[in-house]
Structure formats: C-alpha cells, structure tokens
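Below is one structure, written out as structure tokens; the observations come after it.
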Amino acid sequence: MKKLGFGCMRLPLLNPEDNTSVDFPQVCQMVDLFLERGFTYFDTAYFYHGGLSEEIMCRALVQRHPRDCFTLASKLPLAKLKEDQSLQEQEDIFQLQLRRCGVDYFDYYLLHNVNADSYQTAQRLDSFAFVQRMKEAGHIRHVGFSFHDGPELLDQVLTEHPEVEFVQLQLNYLDWEDPKVQSHRCYEVAVAHGKQVVVMEPVKGGKLANPSPAVVELLARHNPDASPASWAIRFAASLEHVFMVLSGMSNLEQVADNTGYMADFRPLSPAEVAVTEQAAQQIRKDGTIPCTGCGYCVDGCPQHIPIPALFTLYNRVLGQPGPMHKNEYGELCAQGSPASSCVACRQCEGACPQHLEVVEQLKRVTKAFED
Ligand code: SF4
Ligand code: SF4
C-alpha cells in the first residue's frame, strides 16, 4: 500500500460555517482521483462531519467502486459510549457503522481517541475484547486504536492489550519533540511493542500546510517546487514503522498535490530533516496558537465560544488584527460569544487532544481583539 491515506474529517464544505454541508460532487472527484493514482486507504469515523462522514464515504466510495480496490477504516466512538453507559450500545453502534458505510467488514477498525479517561470506559465495557470478537466474526481485518495521551499510558495500554495490531498517533515535525504531545516518545513506545503506526495530524490541522511567510520562505529556499504540506507529510512517512499517513484533504487541489509527491515516495534526507527542525523552531517563534481545529472542545463549552475559529483568526493575523479583522472577530463571536466570556471551567482543556491551555490562549485572543 502507498503510505498516504485519505482522512475523511475535513471534506470540502458548501458553507464553511456548517460542518455537515459537504460538497458531495467534489468528494466524488477527490475519491476518484485518489484511487486513479493508486492510493487505497480511507479513514472515517462515527463523529466526523456531525456524524455524516461514514454515509458520505458509502455514497462516494463504497457504492461507486469495487470493494477490493480500497481499504476502509472507521472507529468505535468511546466518547459516545461514555455518555450512554451501555454495553449493548457498543454492538448497536458497530452494526450501525457497517450499515452507514455499506460494508460487511472494515479493513481497519480502531478504538477512537484512547486517553486516560476513555481507557477506563474501554476497560469497563471490555471494548478491546469486543473488537477482537468482531474480527473473529469476519467484520474487521485489523484492530488498532487512536491515541491522544502520553507515552506512559501508551506503554500501559500496549502491555495490557498485546493483541492490538497497530496504533494511530498524532505525529508531525512540530510535535515531534513537543513536551506535551510527545510524538517522538510515543512513536518509540509503539515500536518497542512491535506495532505499526498510522499517523494522524501530519500537517497539524493545516498549520504546517499554511505556515507563516517566514517558514514558507525557509522551505522554498531548500526546494522551491515542494509545497509546505509535502514537507510535513514526507517527514511522517519517512519513519520506518509508519505504514500510513492520513491527510484530511479538503479539495481536489490538495488531493492532486499530495498524491503527486507521494506517488513515488522519497524519504526526507538528513539535510531535509534538518530543514524541518529549523521550520519547527521558526513556527514556535511565530507565537501562533497550536490548535488543529478538531473542534472537540466546542460542544461542552457553557459559553458557546467558537474556540477553534477564534484561534484560527488569531493565527492568521499573528495576533495583530487590523480593523477588518476586528469586524471578522465580531461576526464569529455573534455565532456564540466572545473570548472574554470564558468562565474558566476548563471543560475544553479536558477535551483538547493537543493539551492546550485554552483559557490562557483565550486571554491572548481577548487582548488582541477586544481591548
Ligand atoms: S474554560 Fe472557557 S472556553 Fe473552555 S469550556 Fe469553559 S467557558 Fe468555554
Ligand atoms: S482548542 Fe484543542 S480541542 Fe479545541 S479545536 Fe483546538 S486543538 Fe481541537
């Protein structure tokens, strides 16, 4: 299999404010181009696009292409199981996912977002044994889990569940040595347990695809023909035990670009790795907020603050807004409430896979746009 996978969590939208307004004709074109160029791996999940991603991939992929020309991954939503507190729910959700996707088996199936909290849920509901049973029944080919916590917990989970075949890790050149995300150490733990790795967030929610002008210039100096995204995806794919790098592609151009340089994948040379280290240093100097825009923090916010949208705007203007940006900020806040309305309940921080200090970051946003 080629090492690039199609992440189905950032599909093109007709209305950028509405995560469910997926541009279906464009998704079909993207799927077709991806397959035409010899790539096969699609990664969806129960929650993506407000719960629509699985059905959309059924219509765009499963119903339009032979089953043996693609591999499909989906995930057991541990967060939903936590809310519902039901054993039967696990089986019902899995059957619903098969129906939504229009398949009778998943090539890859993961427990979604294992962390200290959700691991307790998975243990209580015996979720690892459940997915193993589904594998024995022929409904799953390969079992894994996606992971958003530290290397110590990863070591514990892999020690307690050696039957798992692969892990999906957040890994990119900016987080590689980040003291919170700890991509490098997590990768080493997975390798020590003999597991293959799927990479998520190789471009950190688009941040490494659209870095600051200083970073663009640095990368272009070393290779004027390579897009910033290509540096990030090649960094992840260059790691020996990585068998798949997921890219959440949002338009046909991104599919064309990614499949272009990944068709005949060439690992980064040591000199190119050094360039990514310089880029990471420059990004840290930029002072942008390392939010990936995943939106996990939003639903539980009692103040309905559009957190990722505010962080994206802050990063776009690097914290120095002009009058037009302040208007834009006002429009974003009108959909919920402004950064200054945060009551520091920290629900968002518990939900954030990047372990961001959201409350502190919102103070920076307040200062930039409301003072
Ligand atoms: S800490 Fe602030 S932003 Fe986070 S959930 Fe609470 S009110 Fe919302
Ligand atoms: S603040 Fe964290 S949880 Fe919220 S969108 Fe950004 S990365 Fe995701």
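If you read the sequence from its start, that first residue is 1, and numbering goes on from there. One-based numbering, in listed order, for ligands and for the atoms of each. Only heavy atoms go into these numbers, but all of them, side chains included; no hydrogens, no water, no symmetry mates.
- Ranking the protein heavy atoms by distance from atom 1 (S) of ligand 1 puts Arg346 N, 3.1 Å first.
- Residues Tyr109 and Gln97 bring a donor and an acceptor atom of their side chains to less than 3.5 Å of each other.
- Side chain to side chain, Asn258 and Gln254 fail the donor-acceptor criterion of an N or O pair below 3.5 Å.
- At least one cation-pi condition fails for Arg234 and Tyr261: the charged atom is not both under 6.0 angstrom from the six-membered ring centre and inside a 45 degree cone around its axis.
- We find that Glu55 and Arg59 are not joined by a salt bridge, their nearest charged nitrogen and carboxylate oxygen being 4.0 Å or further apart.
- Residue Cys352 approaches ligand 2 through these ligand atoms, each under 4.0 Å from one of its heavy atoms: 2 (Fe), 3 (S), 7 (S).
- Counting the atoms of ligand 1 from 1 in the order shown, those under 4.0 Å from a heavy atom of Cys348 are 1 (S), 3 (S), 4 (Fe), 5 (S).
- Under a 4.0 angstrom heavy-atom cut-off, Pro353 registers as being in contact with ligand 2.
- A donor-acceptor contact under 3.5 angstrom links the side chains of Asp286 and Gln282, judged on distance only.
- Taking backbone and side-chain atoms together, Cys342 has an N/O/S atom less than 2.8 Å away from atom 2 (Fe) of ligand 1.
- Summary of contacts: the protein heavy atom closest to atom 6 (Fe) of ligand 1 is Cys345 SG, 2.3 Å.
- Nearest non-hydrogen protein atom to atom 5 (S) of ligand 2 is Gly295 N, 3.2 Å.
- Counting heavy atoms closer than 4.0 Å to ligand 1, residue Ala344 contributes backbone atoms (N, CA, C, O) but none from C-beta onward.
- Atom-to-atom distance recorded for His65:NE2 and Asp32:CG is 4.0 Å, nearest 0.5 angstrom.
- Atom 6 (Fe) of ligand 2 has an N, O or S atom of Cys291 closer than 2.8 Å.
- Counting only heavy atoms of the protein, atom 8 (Fe) of ligand 2 lies nearest to Cys294 SG, 2.3 Å.
- The protein non-hydrogen atom at the shortest distance from atom 3 (S) of ligand 1 is Leu362 CD1, 3.5 Å.
- Proximity of Val242 to Tyr187: side-chain heavy atoms (C-beta onward) are separated by under 4.5 Å at one or more points.
- Atom 4 (Fe) of ligand 2 has its closest protein heavy atom at Cys297 SG, 2.3 Å.
- In the vicinity of Gln354, heavy-atom distances shorter than 4.0 Å reach the ligand 2 atoms 7 (S).
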Between Lys367 and Glu360, is the salt bridge (Lys or Arg N to Asp or Glu O under 4.0 Å) condition met? List the steps. CA-CA 11 Å; Lys367 190 163 180 345; Glu360 286 311 305; over 6 Å; no
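- Against a heavy-atom cut-off of under 4.0 Å, Val343 is close to the following atoms of ligand 1: 2 (Fe), 7 (S).
- Atoms of ligand 1 lying under 4.0 Å from any heavy atom of Ile307, numbered from 1 in the order shown and given with element: 3 (S).
- With a 4.0 Å cut-off on non-hydrogen atoms, Gln303 touches ligand 1 through its side chain and not its backbone.
- Near Pro308, meaning under 4.0 Å from any of its heavy atoms, are these atoms of ligand 2: 5 (S).
- Donor-acceptor pairing under 3.5 Å is recorded for the side chains of Thr288 and Lys207.
- If you check the side chains of Glu91 and Gln95, you find a donor sitting under 3.5 Å from an acceptor.
- Counted by atom type alone, Gln281 and Arg284 present zero donor-acceptor pairs between their side chains at under 3.5 Å.
- Atoms of ligand 1 lying under 4.0 Å from any heavy atom of Val359, numbered from 1 in the order shown and given with element: 1 (S).
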